[in-house]
Amino acid sequence: MRLVFAGTPAPAVPALRALLESDRHEVVAVVTRPDAPAGRGRKLVRSPVGALADEHGIEVLTPARASDPDFLARLRELAPDCCPVVAYGALLKEEALAIPQHGWINLHFSLLPAWRGAAPVQAAIRHGDEITGASTFRIVRELDAGPVFGVVTEQVRPTDTAGELLDRLALSGAGLLAATLDGVEDGTLRAEEQPADGVSYAPKVTVEDARVDFTAPATAVDRLIRSVTPEPGAWALLGDGRFKLGPVSIVDDELPPGEIRVEKRRVLVGTGTTAVALGEVQAPGKKRMAATDWARGTRIEQGERLK
């Protein structure tokens with residue numbers, strides 16, 4: 001099939017690479033978000049998906065909005081049979097959805113209808129899911145509600161961060177998307193409507209969402225921190241300073257919520273249940289470092305608390 005691939009961040013790259021390597025499909029163009037400023041110099045940088053397309057000499061379309069008339073006109077000229085989508089980052093209107101014969105087929109990193117929305121992997125970790133996965137479905141107007149072609153499952157490991165879990169899902173999901181497109185082309189695969197039961201939503205995670213509440217149980221603190229690692233990054237206040245926190249481990253010691261206890265080989269913080277041992281800490285304007293090194297340099301006084 002003639003494909004126009006839509007995607008933007010690094011987790012979409014394995015899927016695009018799998019389709020580029022397929023001998024059954026031709027990626028004739030890529031749609032991605034416009035180049036964005038990055039780094040200290042704030043120079044405009046191509047998205048990871050756009051960069052891979054450039055390497056392969058594939059046309060890259062970067063509409064500010066997917067409803068842009070010039071973009072829609074070019075999409076019609078390209079005449080794709082299908083448009084696979086992975087984390088594109090923009091809403092698609094009816095006019096765009098109607099162009100490819102086989103529609104737009106999205107790879108979503110959850111077992112639909114669970115965790116529809118922008119942050120399914122973060123939600124799975126934060127809520128303590130033991131199993132998650134990826135789904136391919138046909139895009140419709142309602143958010144992530146289209147009929148499902150297929151799924152793959154993935155175990156959520158006890159120490160998984162969102163970044164680690166998403167890396168695994170991006171690889172297994174790439175194979176699922178390629179197999180889905182093969183089945184659509186063959187006419188051997190039919191999408192099934194999502195059940196009405198079990199629908200849940202995973203909105204975009206904000207910086208404020210990543211603030212750690214140490215009055216919560218230790219398991220909730222652990223899950224929250226892992227769910228926002230590496231982005232946007234968990235944080236808490238010590239005095240007037242905002243400190244970023246890496247994944248923690250749960251210990252048996254008890255301390256008042258937020259209270260810090262510095263030991264020779266570990267730094268503990270109290271929660272609503274037992275304490276947690278800090279992993280890495282990043283002070284304002286500094287690099288990440290081991291919690292013990294951070295504590296030695298900060299000279300924490302007895303009774304100080306992370307808030």
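- Checking side-chain atoms of S135 against main-chain N and O of S110 turns up a donor-acceptor pair under 3.5 Å.
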* Begin with the C-alpha distance, continue with both residues' side-chain angles, and end with the deciding distance and a verdict on side-chain contact (heavy atoms from CB on, under 4.5 Å) for E26 and L3. => CA-CA 6 Å; E26 178 188 8; L3 305 177; over 6 Å; no
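- Counting only residues at least two apart or on different chains, no side-chain hydrogen bond (donor to acceptor under 3.5 Å, both in side chains) pair has a member in residues 140-150.
- Checking each of L306, L224, V248 against V212 for a side chain to side chain contact (heavy atoms under 4.5 Å, CB included) leaves exactly one that passes, namely L224.
- Using a cutoff of 4.0 Å between basic side-chain nitrogens and carboxylate oxygens, D253 and R266 are scored as salt-bridged.
- Enclosure of atom CG in D186 by more than 12 non-hydrogen atoms of other residues, nucleotides or ligands within 6.0 angstrom is indicated.
- When the ring pair (Phe, Tyr, Trp, His ring centres under 6.0 Å) test is applied to W294, the partners found at least two apart in sequence or on another chain are F243.
- Within the structure, side-chain hydrogen bond (donor to acceptor under 3.5 Å, both in side chains) pairs that include any residue of residues 227-249 do not occur (at least two apart or interchain).
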* To do: Would you please test T62 and R46 for side-chain contact (heavy atoms from CB on, under 4.5 Å) and show each step?
  => CA-CA 10 Å; T62 58; R46 188 73 108 185; 3.8 Å; yes
Check: residues 9-17 side-chain donor-acceptor pairs under 3.5 Å, at least two apart:
none

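- The structure places CD of E164 at 8.5 Å from CZ of R157, a figure rounded to the nearest 0.5 Å.
- The other residues sharing a hydrophobic cluster with V85 are V4, V28, V31, L61, F71, L72, L75, L78, Y88, L92, L97, I99, W104, L111, L112, I131, F137, I139, V148, V151, where clustering joins ILVMFWY side chains under 4.5 Å apart.
- Between L255 and A275, the shortest heavy-atom contact is CD1-CB, 4.4 Å.
- No hydrogens or angles considered: a donor-acceptor pair under 3.5 Å links the side chains of T32 and S47.
- A donor-acceptor contact shorter than 3.5 Å links the side chain of T271 to the backbone of T273.
- Of the N and O atoms on the side chains of Q122 and R226, not one donor lies less than 3.5 Å from an acceptor on the other residue.
- R168 is linked by a side-chain hydrogen bond (donor to acceptor under 3.5 Å, both in side chains) to E154, D160, counting only residues two or more places apart in sequence or in another chain.
- A salt bridge links R296 with D293: the closest approach of a Lys/Arg side-chain nitrogen to an acidic carboxylate oxygen falls below 4.0 angstrom.
- Judged as a side-chain hydrogen bond (donor to acceptor under 3.5 Å, both in side chains), and not counting sequence neighbours, Q155 has no contacts.
- Salt-bridge check for R261 with E263: passed, with a basic side-chain N closer than 4.0 Å to an acidic carboxylate O.
- Every pair passing side-chain hydrogen bond (donor to acceptor under 3.5 Å, both in side chains) that includes a residue from residues 208-218 is listed here, sequence neighbours excluded: T206-D209, D213-T215.
- Going from atom CD1 of I260 over to atom CZ of R305 covers 10.0 Å, rounded to the nearest 0.5 Å.
- Sorted by first and then second residue, the side-chain hydrogen bond (donor to acceptor under 3.5 Å, both in side chains) pairs involving residues 72-81 (not counting sequence neighbours) are E59-R74, R74-E77, R76-E95.
- Surrounding CG of L143 are more than 12 heavy atoms belonging to other residues, nucleotides or ligands, all under 6.0 Å away.
- For R223, there are no side-chain hydrogen bond (donor to acceptor under 3.5 Å, both in side chains) partners, not counting sequence neighbours.
- Contacts of H127 classified as side chain to side chain contact (heavy atoms under 4.5 Å, CB included), with partners at least two apart in sequence or in another chain: W115, A123, D129.
- In this structure, N106 has no side-chain hydrogen bond (donor to acceptor under 3.5 Å, both in side chains) partners at least two apart in sequence or on a different chain.
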